[in-house]
Amino acid sequence: MNVKKNLPPVLITIFGAKGDLTRRKLIPALYNLFIGKHLPSVYAIYCIDFMAAEETIFKKDLQEGVNEFSRTGKAEETLWNEFSSNIYYIQGDFLKEETFNILRKQADDFDTQNRQRGIRIFYFATAPRFIEVIADGLCTHKLCNKGSLDRIIIEKPFGTDLQTAKKLNAFLNRRFAEKQLYRIDHYLGKETVQNIMAFRFANYVFEPLWNNKYIDHIQINVSEQIGVGKRGGYYDSSGALRDMIQNHLLQLLCIIAMDAPSAYKAELIRDAKTKVLKTVKPLSRDEVFKNVVRGQYTAGVINGKPNPGYRHEEQVSPDSDTETFLSAKLFIENKRWKGVPFFLTTGKALTRQVSVIVIQFKESPNKIFKEDVIPNRLIISIQPELEISLLFENKVPGLEMKLKAVDMDFTYQEAYTESLPEAYETLILDVLYGDPTLFMRADQVEAAWKVVMPILDAWKKYPQKKLHFYEAGTWGPEAAVLHLIKPYAKKLFQLPRIERMTGKI
């Protein structure tokens, strides 16, 4: 978002307000926007949930969430009291008309009190099964009927396959304009992810090299140290492909692989991203089992503590074949990227948490030095390091011509003193200003599902074929390294610092 303007009064409604997302992410984000003076002077936050709650106790729990999870630390009491005076709790069943009648009255009273129709934002912090019923309630009761003022934020997963995503898109588009729908992927709000576009398109030194003439392969790795924990019920019907690849990693792929838009405008940027997804080469059934490695963690040790195997986690079927790890090799069939493999890897219960993109360039054509064995690499660490490193060969000081790989670093911690905003702060602020740049459009969601559907279809037909097991606390199935990545990245393992950042990759 580039231009900020004065905002009219804003009414924010959170459906599913007693959930973890509200306490850990949404209220801390809104509080930080408030103390940073990014919220309008007049606002109200209505929190709706099925469970009964006394408003004072509810607010106290939200304050404890801010104290625990906010990047700014413990909430200052005076500021919290001022902020929370505009938070209201409504006990309501999403399936009952009465809930929307109450909300309609509150919204009308809010507008009457402020003598103008304000912005209305509806955040669906609920299970996916409630999306349609809440959307229908908002439409029927004319709560979200101003295309220029009313917006809906929808969390992933957006559908469970291409068919359900198309059905959900059609359902929503019959009730609301596409410009009112903000399909959120919090990864796109991360500062380091947003910086990729600036890094690519504002620095001419890199963009001429950003193609198959100079780049050997690209790795996108999002590893999680935790297992599924208490999310077993959801995760067992989702898996790593739906939970991570279809959204987070494919969105990173889009930013890395997209062509430069003609201007920094939302629709031009979203067009460029969608174009990438539409040019990903579909996998045949044989290619699925050759180019995709899926795994599931067994019992192991993480940070010195025992971790149960996936099939022994809460609400997980004891004979589940759901993948907790996935590594896939994809190709983009266009002039820029033809022949360049993209490795997308994600997993749970791994050695450590890390999100990193590695762009490995081709070997130097001028092999005049015998020590010139390490290709140049550009490493973008999204978390936890928040840095960009360029690896290159350098002469070791001394009388002999000896080379050694060294790296140049840019780190946010060293370059900036200010605290980085959390992803949800950025994304909620963009919704306030009606900027959809960092959100997924309907056609982009469907294009992403088309990429993964051949994998889902092959697994459905052969559910237990090539399910690799790995011990919790390791870097995943060895097959992912030995068969997919190592032939391309064999020299990467010689560098301890890079291994620290990227795990085995």
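All figures in this text were calculated on a predicted structure; none of them were measured in a lab.
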[Y] side chain reached by [X] side chain, heavy atoms, under 4.5 Å:
X: Tyr235; Y: Val316; result: no
X: Tyr424; Y: Leu26; result: yes
X: Leu252; Y: Val193; result: yes
X: Asn221; Y: Thr346; result: no
X: Leu250; Y: Val276; result: no
X: Ile184; Y: Tyr123; result: yes
X: Phe69; Y: Arg23; result: yes
X: Phe201; Y: Phe199; result: no

Please confirm whether Lys190 makes a cation-pi placement over Tyr187, using NZ or CZ under 6.0 Å from the six-membered ring centre and within 45° of the ring normal.
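Yes, Lys190 sits over the ring of Tyr187.
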Please say whether the positively charged group of Arg183, taken as NZ for Lys or CZ for Arg, lies over the ring of Phe439, i.e. under 6.0 angstrom from the six-membered ring centre and within 45 degrees of the axis.
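No - Arg183 does not lie over the ring of Phe439 by the 6.0 Å and 45° rule.
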Do [Y] and [X] meet the salt-bridge criterion of a basic N to acidic O distance under 4.0 Å?
X: Glu333; Y: Lys338; answer: yes
X: Lys156; Y: Asp243; answer: yes
X: Asp319; Y: Arg311; answer: no
X: Arg270; Y: Glu267; answer: yes
X: Lys281; Y: Glu287; answer: yes

Do the side chain of [X] and the main chain of [Y] share a donor and acceptor less than 3.5 angstrom apart?
X: Asn366; Y: Ile368; answer: no
X: Thr345; Y: Ser327; answer: no
X: Arg200; Y: Ile256; answer: yes
X: Glu76; Y: Leu79; answer: yes
X: Lys74; Y: Val66; answer: no
X: Asn334; Y: Trp337; answer: yes
X: Asn247; Y: Asp185; answer: no
X: Gln246; Y: Val452; answer: no
X: Ser70; Y: Asn67; answer: no
X: Arg242; Y: Thr160; answer: yes

Closest non-hydrogen atom pair between [X] and [Y], with its separation:
X: Trp449; Y: Ala165; value: CD1-CB, 3.4 Å
X: Gln315; Y: Lys230; value: OE1-O, 4.0 Å
X: Gln225; Y: Thr351; value: NE2-O, 2.8 Å
X: Ile215; Y: Val340; value: O-CG2, 3.6 Å
X: Trp80; Y: Ala75; value: CB-CB, 4.1 Å
X: Phe410; Y: Ala415; value: CE1-CB, 3.5 Å

Measure the [atom1]-[atom2] distance between [X] and [Y] for me, rounded to the nearest 0.5 Å.
X: Glu471; Y: Ile302; atom1: CD; atom2: CD1; value: 10.0 Å
X: Cys254; Y: Leu277; atom1: SG; atom2: CG; value: 3.5 Å
X: Thr274; Y: Asp443; atom1: OG1; atom2: CG; value: 4.5 Å
X: Thr22; Y: Ile14; atom1: OG1; atom2: CD1; value: 5.0 Å

For the pair Lys265 and Ile269, evaluate side chain to side chain contact (heavy atoms under 4.5 Å, CB included) and give the outcome as yes or no after the intermediate values.
CA-CA 6 Å; Lys265 293 182 178 179; Ile269 292 171; over 6 Å; no
Taking atom [atom1] of [X] as the centre, report whether more than 12 heavy atoms of other residues, nucleotides or ligands fall under 6.0 Å from it.
X: Glu207; atom1: CD; answer: yes
X: Lys395; atom1: NZ; answer: yes
X: Lys275; atom1: NZ; answer: no

Between [X] and [Y], does any side-chain donor sit less than 3.5 Å from a side-chain acceptor?
X: Gln296; Y: Thr298; value: no
X: Asp161; Y: Thr164; value: yes
X: Thr411; Y: Asp409; value: no
X: Gln444; Y: Gln251; value: yes
X: Ser320; Y: Asp236; value: yes
X: Ser284; Y: Asp286; value: no
X: Thr72; Y: Asn32; value: yes

Within residues 245-258 or reaching into it, pairs that qualify as salt bridge (charged side-chain N to carboxylate O under 4.0 Å, His left out) - sequence neighbours excluded:
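Every pair satisfying salt bridge (charged side-chain N to carboxylate O under 4.0 Å, His left out) with a residue in residues 245-258: there are none.
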Quick test of your reading: applying salt bridge (charged side-chain N to carboxylate O under 4.0 Å, His left out), list the pairs with at least one residue in residues 411-426, sequence neighbours left out, ordered by first then second residue.
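Sorted pair list: Arg71-Glu425.
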Is there a side chain to side chain contact (heavy atoms under 4.5 Å, CB included) between Leu7 and Leu432 once you walk through the steps?
CA-CA 8 Å; Leu7 289 171; Leu432 280 172; 4.2 Å; yes
Mind checking whether [X] and [Y] have ring centres under 6.0 Å apart?
X: His217; Y: Phe342; answer: no
X: Tyr470; Y: Trp475; answer: no
X: Phe325; Y: Tyr297; answer: no

Applying side chain to side chain contact (heavy atoms under 4.5 Å, CB included), run through Gln180 and Ile152 and close with a yes or a no.
CA-CA 6 Å; Gln180 293 180 271; Ile152 294 173; 5.7 Å; no
For the pair Tyr416 and Tyr412, name the ring-plane relationship: parallel under 30°, tilted 30 to 60°, perpendicular over 60°.
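Correct class here is tilted.
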May I have the step-by-step check of side chain to side chain contact (heavy atoms under 4.5 Å, CB included) for Ile379 and Val356, ending in yes or no?
CA-CA 7 Å; Ile379 301 157; Val356 67; 3.5 Å; yes
Check step by step if salt bridge (charged side-chain N to carboxylate O under 4.0 Å, His left out) holds for Asp407 and Arg377.
CA-CA 9 Å; Asp407 52 272; Arg377 293 188 188 91; over 6 Å; no
Intermediate values then yes/no, ring-ring contact (aromatic ring centres under 6.0 Å, His included), Tyr214 and Phe361:
CA-CA 6 Å; Tyr214 300 102; Phe361 294 91; 8.0 Å; no
